[in-house]
Peer 1: 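Below is the structure I would like to discuss, written out as structure tokens.
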Amino acid sequence: MTTANRQLHTRIPKLSLGRVGSTAQDDIDESLRVLREMQQDVNAHARIRAYRPIPTVAFSRRESLMPEFAAASAAARRFGFDPVIRLAGGRAVAYDQTCLIIDLMAPLEFYGNHIAAFEVGADCFRDVLGDLGLDARVGPVVGEYCAGDHSVNARGRVKVVGIAQRAMRRARLLTACIVLDKPEGLRPVVDAVYGAMNLEWSPASLGSLRDEGVRGTLDEIVNELVTGLQQRRSAWARPQASQIVETRT
């Protein structure tokens, strides 16, 4: 890597804040557009997209091919949540304006493999939540939705951040859903969708930053999270020292 490229790679990530368009699909398409743009830039550096979404249930591409998908989509619509196919993998996730979606985008070469990307990203989310006073930990909790080893929880009891990713040619997406407030509005939606897909989960496993004692307006909390990931907790936006070669998709 040249000196010029190293300087580009260590710049503060560019931030895009707020929704794009009028539908849930518009926001998915915007993230894909940014990733495609990064693929075309040989000097690309990390970027952040953050927005508070409209009511949405985001399914993975694999889930959209399952026979239960139609029933799960209908269950989402009954609650006024728009079913969409998200860019990343994992299981269905329900979110609305009580949540914050953060897309961390970086050149594929920054991480050796998908596990390394998950580990660095999860640690950054844990640390920025710690800055807000949470007892934040990386790891799943019993009965969580979209279970994963790199979820971020509070006190080892409730999930507050779900993380998924997608590796593309020359670009990688780490996308996170952070529940800011009122998880009770999301629980029946997840319950209905997961029931339609024959998936088990525990509503008690879904928590929020507000329930964990974070104070301030939602806009203030969003600002702290975004600036934290952009400036103080930005290891995700830098090339990692140890890399393991993986097959690029």
Peer 1: Has the side chain of Gln240 got a donor or acceptor atom that lies under 3.5 Å from a matching backbone atom of Arg238?
Peer 2: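 At least one qualifying donor-acceptor pair exists.
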Peer 1: Are Arg232 and Val128 close enough that some pair of their side-chain heavy atoms sits under 4.5 Å apart?
Peer 2: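 Counting from C-beta outward, Arg232 and Val128 do come under 4.5 Å.
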Peer 1: Do the side-chain N and O atoms of Lys159 and Ser151 include a donor-acceptor pair separated by under 3.5 angstrom?
Peer 2: yes
Peer 1: Can you tell me how far OG of Ser73 sits from CZ of Arg78, rounded to the nearest 0.5 angstrom?
Peer 2: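 Output value for this atom pair is 10.5 Å.
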Peer 1: Strictly distance-based, threshold 3.5 Å: is any side-chain N or O of Asp211 a donor or acceptor partner for the main-chain N or O of Gly207?
Peer 2: no
Peer 1: Under 4.0 Å between a side-chain nitrogen and a carboxylate oxygen: does that hold for Arg49 and Asp27?
Peer 2: yes
Peer 1: In the structure I gave you, are the side-chain heavy atoms of Arg215 and Glu220 within less than 4.5 Å of one another anywhere?
Peer 2: no
Peer 1: Report, as yes or no, whether the 6.0 Å neighbourhood of atom CZ on Arg61 holds more than 12 heavy atoms from other residues, nucleotides or ligands.
Peer 2: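 Not buried by this count: 12 neighbours or fewer within 6.0 Å.
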Peer 1: Pair Leu206, Val158 - check side chain to side chain contact (heavy atoms under 4.5 Å, CB included), show working.
Peer 2: CA-CA 5 Å; Leu206 178 57; Val158 293; over 6 Å; no
Peer 1: Under 4.5 Å between any side-chain heavy atoms of Asn153 and Val160, yes or no?
Peer 2: no
Peer 1: Is there a path of hydrophobic side-chain contacts, each under 4.5 Å between heavy atoms, that joins Trp201 and Met66?
Peer 2: yes
Peer 1: Quick one: are Phe69 and Ile85 in side-chain contact, heavy atoms under 4.5 Å?
Peer 2: yes
Peer 1: Quick check: do Arg77 and Pro83 have side-chain heavy atoms less than 4.5 Å from each other?
Peer 2: yes
Peer 1: Go through the steps for Thr56 and Asp82 under the test side chain to side chain donor-acceptor pair (under 3.5 Å), then give the verdict.
Peer 2: CA-CA 5 Å; Thr56 304; Asp82 190 11; 5.9 Å; no
Peer 1: Applying the 4.5 Å side-chain criterion to the ILVMFWY set and letting contacts propagate, would Ile221 and Leu229 be lumped into a single cluster?
Peer 2: yes
Peer 1: Kindly determine whether Trp236 and Asp123 satisfy side chain to side chain donor-acceptor pair (under 3.5 Å), including the steps that lead there.
Peer 2: CA-CA 9 Å; Trp236 66 271; Asp123 286 351; over 6 Å; no
Peer 1: Before we go on, tell me: are the rings of Tyr194 and Tyr145 under 6.0 Å apart, centre to centre?
Peer 2: no
Peer 1: If you apply the rule side chain to side chain contact (heavy atoms under 4.5 Å, CB included), what do you find for Leu180 with Arg210, and how did you get there?
Peer 2: CA-CA 6 Å; Leu180 304 174; Arg210 183 77 79 201; over 6 Å; no
Peer 1: Mind running side chain to side chain contact (heavy atoms under 4.5 Å, CB included) on Phe59 and Val193 for me, showing each step along the way?
Peer 2: CA-CA 10 Å; Phe59 295 90; Val193 169; 3.9 Å; yes
Peer 1: Could you check whether any side-chain N or O of Glu30 sits under 3.5 Å from a backbone N or O of Val20, counting only pairs where one atom can act as donor and the other as acceptor?
Peer 2: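 No, Glu30 side chain to Val20 backbone: no donor-acceptor pair under 3.5 Å.
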Peer 1: Tell me, yes or no, whether the heavy-atom count around Arg157 atom CZ, taken from other residues, nucleotides or ligands under 6.0 Å, exceeds 12.
Peer 2: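 No, because the 6.0 Å sphere around CZ of Arg157 holds 12 heavy atoms or fewer from other groups.
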Peer 1: To the nearest 0.5 Å, what is the distance between CE (Met38) and CE (Met168)?
Peer 2: 10.0 Å
Peer 1: Checking Met105 against Ile48 for the side chain to side chain contact (heavy atoms under 4.5 Å, CB included) test, could you report, in this order, the C-alpha distance in whole Å, the side-chain angles of both residues, the deciding distance, and whether it holds?
Peer 2: CA-CA 6 Å; Met105 308 178 198; Ile48 305 176; over 6 Å; no
Peer 1: Can a donor-acceptor pair be found, under 3.5 Å and without considering hydrogens, that links the side chain of Glu63 to the backbone of Ala92?
Peer 2: yes
Peer 1: State the OG1-CD1 distance between Thr175 and Ile28, to the nearest 0.5 angstrom.
Peer 2: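 It comes to 7.0 Å.
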Peer 1: Hey, does the side chain of Glu144 reach the backbone of Gly148 with a donor-acceptor pair shorter than 3.5 angstrom?
Peer 2: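 Flag set: sc Glu144 to bb Gly148 pair under 3.5 Å.
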Peer 1: Using a strict threshold of under 4.0 Å (side-chain N to carboxylate O), is an ion pair present between Glu37 and Arg47?
Peer 2: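 Here Arg47 pairs with Glu37 in a salt bridge, since their nearest N and O are under 4.0 Å apart.
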Peer 1: Parallel, tilted or perpendicular: which fits the ring planes of Phe118 and His150, with parallel below 30° and perpendicular above 60°?
Peer 2: parallel
Peer 1: Does a side-chain N-to-carboxylate-O contact under 4.0 Å join Glu109 and Arg170?
Peer 2: no
Peer 1: Answer yes or no: is there a donor N or O on one side and an acceptor on the other, between the side chain of Arg187 and the main chain of Ser202, under 3.5 Å?
Peer 2: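 No; zero donor-acceptor contacts below 3.5 Å.
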Peer 1: With a 4.5 Å cut-off on side-chain heavy atoms, are Leu104 and Leu173 touching?
Peer 2: no
Peer 1: Determine whether the side chains of Asp181 and Thr98 contain a donor N or O and an acceptor N or O closer than 3.5 Å.
Peer 2: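 On atom types as modelled, these side chains do not qualify, holding no pair under 3.5 Å.
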